[in-house]
Amino acid sequence: MEVKYACAVACFRVIIRSTGGYAMKKCRCLVFVFLGLFACFAAPQAAFPDDSEKDALLEKLLQARENWIQNASFCGHYTVRSGSFTSEEDAMTVGIPGSGRGHEYGFIAKLNGKCRRQRGFSEREDNTDPAGAEPVYFDTVANDRFCLHLERRADRGVLQKFSGEPGESLAVICVSGSPASFFSPYVYRFIESAAEGSDFGYAPLEDGRVLLAFAEDEQDHSQAVEKITVRTDLDRPAIEQIRQTFYAAESDSVPTMEIITKVLEWKERGGVLFPTRIRTATCSYKPVPEENVWETEEWVSDDIGERPPQEDDFTVRTERGDFILHLKGPQKERTIHIDELTEEDYDPSV
């Protein structure tokens with residue numbers, strides 16, 4: 001299998017070198033050629049899937065996201081560890097020990113159209129600062145109408161007004177490396193474009209997985225290529241890995257950056273499969289390949305999905321001395337549920 005994959009990669013590289021800058025302007029086509037070669041080597045029996053099969057998968061992915069936006073409800077605590085590696089393989093497989101680079105910890109929750117994310121940073125994994133100072137701490141809660149953000153220790157915050165469009169509150173928890181990142185608008189704009197008729201690559205893999213590939217030319221002549229690995233062995237398809245590759249110009253054969261986000265562990269909670277361990281590796285390429293460094297973060301939650309979220313999970317308590325920008329009325333100690341905020345509470349002049 002490894003030899004066949006290497007042959008496909010070699011073929012792709014030969015095409016690039018022999019066609020020069022003009023062909024790179026057609027990088028979209030080359031990506032699809034490469035995927036076609038890969039599909040032939042990796043899974044000859046399914047190298048040419050029926051268009052209806054591809055369309056059905058896109059539609060199922062869009063339906064899964066719509067259902068997730070409207071109905072997904074969960075909560076859990078998490079930690080994030082970070083490290084640096086000199087190869088992609090190590091970045092995605094080698095364990096990340098506790099280190100002095102800092103430690104993120106927090107809580108995320110989603111109840112239909114409401115989202116909350118609490119996060120703190122500490123130099124120690126027991127969430128304490130060695131100098132005795134209170135760790136930096138942020139608290140953000142939102143529905144599709146309002147977002148309330150607090151920065152604890154700085155005693156300040158801001159109330160933002162949202163459009164009211166379903167799913168806008170996802171911005172709170174759609175951060176890189178979290179379970180919500182697999183439903184982000186950036187990821188799904190490629191899937192939506194493909195569902196509307198744009199070209200994309202489709203290659204069945206082993207173990208009930210499918211590789212989708214998309215390319216997009218930006219207005220500044222840069223290019224983004226996205227490859228998504230989808231699990232199709234479940235009741236609903238689930239995105240397992242996202243690889244984003246960015247090029248400074250259409251004619252470039254060497255990317256400027258790559259970002260890989262992959263679910264390493266899943267756990268079933270009440271009949272729902274939750275990602276409980278996610279790793280994100282980012283490489284900004286330098287002129288000397290040997291100097292490339294993969295900056296890696298691993299998101300882990302041991303209790304996500306173990307209990308349903310409660311309304312109290314979306315209640316924020318402000319303290320005396322806090323100043324909330326755009327929040328009308330006396331700045332005093334109070335308890336605010338995100339659904340209780342109305343137009344009368346929002347004042348952009350404050």
Electrostatic pair Glu168-Arg145, nearest N-O below 4.0 angstrom: no
In Å and rounded to the nearest 0.5 Å, what is the CG to CG distance from Leu148 to Asp139? 8.0 Å
Short side-chain to backbone donor-acceptor contact, Asp322 and Glu319, under 3.5 Å: yes
List the atom of Pro179, the atom of Pro275, and the distance in Å for their closest heavy-atom pair. CG-O, 4.0 Å
Should the pair Arg269 and Phe274 be classed as cation-pi, given the thresholds of under 6.0 Å to the six-membered ring centre and 45° from the axis? no
If only atom types and distance count, is the side chain of His326 paired as donor or acceptor with the main-chain N or O of Val350 below 3.5 Å? yes
Only residue of Ile239, Val263, Leu273 satisfying side chain to side chain contact (heavy atoms under 4.5 Å, CB included) with Arg231 is Leu273
Please name the residue in the list Glu265, Glu298, Glu295 that meets the salt bridge (Lys or Arg N to Asp or Glu O under 4.0 Å) test with Arg279. Glu298
Hey, is Arg156 close enough to Glu151 for a salt bridge, meaning N to O under 4.0 Å? yes
Output for pair (Arg307 CZ, Ile304 CD1), nearest 0.5 Å, gives 11.5 Å
Run the side-chain contact (heavy atoms from CB on, under 4.5 Å) check on Leu57 and Leu212 step by step: do they pass? CA-CA 10 Å; Leu57 178 56; Leu212 305 178; 4.2 Å; yes
Distance (rounded to the nearest 0.5 Å) between Arg320 CZ and Lys332 NZ: 9.5 Å
Supply the atom-to-atom distance Phe190 CZ to Lys227 NZ, rounded to the nearest 0.5 angstrom. 13.0 Å
Check: Thr296 side chain, Ser82 main-chain N or O, donor-acceptor pair, under 3.5 Å: no
Could you check Gln241 against Arg209 for side-chain contact (heavy atoms from CB on, under 4.5 Å), going step by step and ending with a plain yes or no? CA-CA 11 Å; Gln241 177 174 295; Arg209 286 161 173 78; over 6 Å; no
So does Gln310 get a backbone contact from the side chain of Asp313, meaning a donor-acceptor N/O pair under 3.5 Å? yes
Quick one: do Val187 and Phe182 satisfy side-chain contact (heavy atoms from CB on, under 4.5 Å)? Show the steps, please. CA-CA 7 Å; Val187 172; Phe182 293 93; over 6 Å; no
Quick one: does Ile324's side chain get under 4.5 Å of Leu150's, heavy atoms only? yes
Taking the six-membered ring of Trp68 (Phe, Tyr or Trp), confirm whether the NZ or CZ of Arg236 is under 6.0 Å from its centre and within 45° of its axis. no
Phe162 with Leu159, same ILVMFWY side-chain cluster at under 4.5 Å: no
Do Leu264 and Leu234 belong together in a cluster built from hydrophobic side chains that touch within less than 4.5 Å? no
Nearest-0.5 Å distance, OH of residue Tyr105 to CZ of residue Phe121: 9.5 Å
Which atom names give the shortest non-hydrogen contact between Ile69 and Gly167, and what distance separates them? CG2-CA, 3.6 Å
Side-chain heavy-atom pair Tyr78, Ile108 within 4.5 angstrom cut-off: yes
Do Phe183 and Val272 land in one hydrophobic cluster if side-chain heavy atoms of ILVMFWY residues count as linked below 4.5 Å? yes
The test is salt bridge (charged side-chain N to carboxylate O under 4.0 Å, His left out); show your working for Lys262 and Glu88 and say whether it passes. CA-CA 12 Å; Lys262 182 178 182 179; Glu88 176 185 331; over 6 Å; no
Is any side-chain heavy atom of Arg81 closer than 4.5 Å to a side-chain heavy atom of Val300? no
Taking side chain as C-beta onward, heavy atoms only, is Lys267 less than 4.5 Å from Arg277? no
Donor-acceptor pair, distance only, cut-off 3.5 Å: does the side chain of Thr232 make one with the backbone of Gly208? yes
Any heavy-atom pair between the side chains of Phe214 and Ile191 that's under 4.5 Å? yes
Think Arg119 forms a cation-pi with Phe138, using NZ or CZ under 6.0 Å from the six-ring centre and within 45 degrees of its axis? yes
Between His337 and Glu311, a side-chain donor and acceptor under 3.5 Å: yes
Pairwise side-chain contact, Trp294 with Cys283, heavy-atom cut-off 4.5 Å (strictly under): yes
Can any side-chain N or O of Ser184 pair as donor or acceptor with the backbone N or O of Val175 at less than 3.5 Å? no
Strictly distance-based, threshold 3.5 Å: is any side-chain N or O of Thr280 a donor or acceptor partner for the main-chain N or O of Glu297? no
Worked verdict on Thr261 versus Ile278 for side-chain contact (heavy atoms from CB on, under 4.5 Å): CA-CA 7 Å; Thr261 303; Ile278 302 169; 3.8 Å; yes
4.5 Å side-chain heavy-atom contact, Phe314 and Pro309: yes
Quick check: does any side chain N or O of Ser178 sit under 3.5 Å from a backbone N or O of Ile173, one acting as donor and the other as acceptor? yes
Gln63 and its side-chain hydrogen bond (donor to acceptor under 3.5 Å, both in side chains) partner, picked from Glu59, Arg65, Lys60: Glu59
Provide the closest heavy-atom pair for Ile242 versus Ser181 in the form atom of the first, atom of the second, distance. CD1-O, 4.4 Å
Distance col, row Lys110:NZ vs Ser73:OG, nearest 0.5 angstrom, shows 5.5 Å
Salt bridge or not for Glu344 and Lys328, using N-O below 4.0 Å? no
Phe85 and Gly95 have their tightest heavy-atom pair at CZ-O, 4.1 Å
For a 4.5 angstrom cut-off between non-hydrogen side-chain atoms, does Leu327 reach Asp345? yes
Of all heavy-atom pairs between Cys147 and Val172, which one has the smallest distance, and what is that distance? SG-CG2, 4.2 Å
Keeping the roles fixed (side chain from Thr229, backbone from Glu240), state whether a donor-acceptor pair exists under 3.5 Å. no
Could you tell me whether the side chain of Asp144 and the main chain of Ser169 form a donor-acceptor pair under 3.5 Å? yes
Joint cluster assignment, Tyr346 & Ile338, ILVMFWY side-chain distance < 4.5 Å: yes
Which atoms form the tightest heavy-atom contact between Leu62 and Tyr188, and what is the distance? CD2-CD2, 3.9 Å
How about CG on Asp235, more than 12 heavy atoms from neighbouring residues, nucleotides or ligands closer than 6.0 Å, or not? no
Should Tyr186 and Phe200 be regarded as members of a common hydrophobic cluster, given that ILVMFWY residues are connected when their side-chain heavy atoms come within less than 4.5 Å of each other, either directly or indirectly? yes
